[in-house]
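Reading through the structure tokens given below for one structure.
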Amino acid sequence: PPLPPRIYPPPHPDALPASDTPLRCHRLSTFFPYRNLLLPCLLGGLWHGASCTFIAWGALHGFGCCVQKAWASRGLRMPEPLAIIVTFLFVNFAWIYFRAPDLATAHGVLAAMIHPGPGLSTLMRQACPLLLVAALIVWLFPNSQSIAAADWRGRIPLSGTLAGAAAVVAMVATNTSISSPFIYYNF
């Protein structure tokens, strides 16, 4: 219900319409929504550390949010399987900057991904089947939220068993003799 007129008096007859007042000027600009997407991502990168790599990681995520908003504001829609693949590849690309010690190393990793050296092909042939199985499990089976929301009546779902087995296989396959300390211990 509308508020009583005694609390909010009628506007003066010479007043500007609400859409033209300075307080409403943010609606006239298309820059502010993109700024509002980019700044929190930059601050998130800065929160993780004062290194250029963290800021680049945040900037990439902010840029990705801006591209998605621009894409959606034009009424464009990507097919869902393609959208999943593009998002997955973009996030993995951005994580290179998060994990790299400096920008030069991040750029070197990206260059090696684009143009792999001769010795890398053997490693990739060995890793590709495991990566393919892991990708199929991640994308085709229900995620943990849908498994938890389902009523299983005491039964263990097959997808949960397969996901657990895949996690064990992945841990065994990626186990190396070189210790890698938790990333936040480096600060």
Side-chain angles (χ1 to χ4, degrees), residues 18-116 120 124 127-128 130-149 163 166-167 170-171 174 176 178-187:
S19 61
D20 293 339
T21 60
L23 295 176
R24 306 270 183 193
C25 70
H26 66 278
R27 292 185 181 175
L28 303 176
S29 174
T30 58
F31 169 74
F32 290 110
Y34 296 103
R35 181 202 64 185
N36 294 344
L37 287 170
L38 187 60
L39 284 179
C41 292
L42 282 171
L43 289 174
L46 190 59
W47 178 81
H48 280 286
S51 170
C52 291
T53 57
F54 294 119
I55 295 169
W57 171 78
L60 283 170
H61 281 283
F63 177 72
C65 290
C66 291
V67 168
Q68 189 277 331
K69 179 168 181 53
W71 184 278
S73 69
R74 287 169 177 72
L76 301 172
R77 189 158 173 86
M78 205 181 281
E80 188 174 348
L82 182 61
I84 290 170
I85 292 170
V86 168
T87 303
F88 178 78
L89 292 174
F90 178 79
V91 170
N92 282 297
F93 165 78
W95 275 102
I96 292 169
Y97 285 92
F98 186 86
R99 190 69 173 120
D102 54 30
L103 289 175
T105 304
H107 294 133
V109 169
L110 290 173
M113 289 171 64
I114 294 169
H115 303 288
L120 196 59
M124 286 304 291
C128 275
L130 179 62
L131 292 173
L132 181 62
V133 168
L136 289 173
I137 289 172
V138 166
W139 286 333
L140 297 179
F141 286 93
N143 62 23
S144 60
Q145 296 297 316
S146 60
I147 292 171
M171 285 188 278
T174 59
T176 63
I178 301 169
S179 69
S180 178
F182 185 56
I183 187 170
Y184 289 109
Y185 293 156
N186 295 331
F187 300 115

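The figures that follow rest on heavy atoms only: side chains count, while hydrogens, waters and symmetry mates do not.
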**Asked** Nearest heavy-atom pair of A94 and L60: which atoms, and what distance?
**Response** CA-CD1, 4.0 Å
**Item:** Summary of side chain to side chain donor-acceptor pair (under 3.5 Å) pairs that have at least one residue in residues 34-45, sequence neighbours excluded
**Value:** none
**Fill in**
Between the OH atom in Y97 and the CD1 atom in I55, the distance rounded to the nearest 0.5 Å is 14.0 Å
**Nearest-0.5 Å distance, CG of residue L89 to CD1 of residue I84** = 12.0 Å
**Request:** With sequence neighbours left out, write down each residue that passes side chain to side chain contact (heavy atoms under 4.5 Å, CB included) with A166, or none if nothing qualifies.
**Result:** I137
Using residues 72-80 as the side-chain source, report each donor-acceptor pair under 3.5 Å to any protein atom, sequence neighbours left out, with the distance given to one decimal.
unit_1, atom_1, unit_2, atom_2, d
S73, OG, K69, O, 3.3
S73, OG, A70, O, 2.9
R74, NH1, A70, O, 3.0

**Prompt:** Could you state the interatomic distance from CG (L46) to CG (L39), rounded to the nearest 0.5 Å?
**Reply:** 11.5 Å
**Prompt:** Taking the six-membered ring for Trp, are W57 and F54 ring centroids under 6.0 Å apart?
**Reply:** no
**Complete:** Of all heavy-atom pairs linking P101 and S51, the shortest is O-OG, 4.3 Å
**Message:** List the residues meeting ring-ring contact (aromatic ring centres under 6.0 Å, His included) with W71, not counting sequence neighbours, and say none if there are none.
**Reply:** none
**Message:** Run the side chain to side chain contact (heavy atoms under 4.5 Å, CB included) test against A59 and tell me which residues pass, sequence neighbours left out.
**Reply:** L42
**Fill in**
I96 and A106 have their tightest heavy-atom pair at CG2-O, 3.9 Å
**Fill in**
What one should report as the nearest heavy-atom pair of D102 and T53 is C-CG2, 3.4 Å
**Prompt:** In chain order, what residues pass the ring-ring contact (aromatic ring centres under 6.0 Å, His included) check against F90, with sequence neighbours excluded?
**Reply:** none
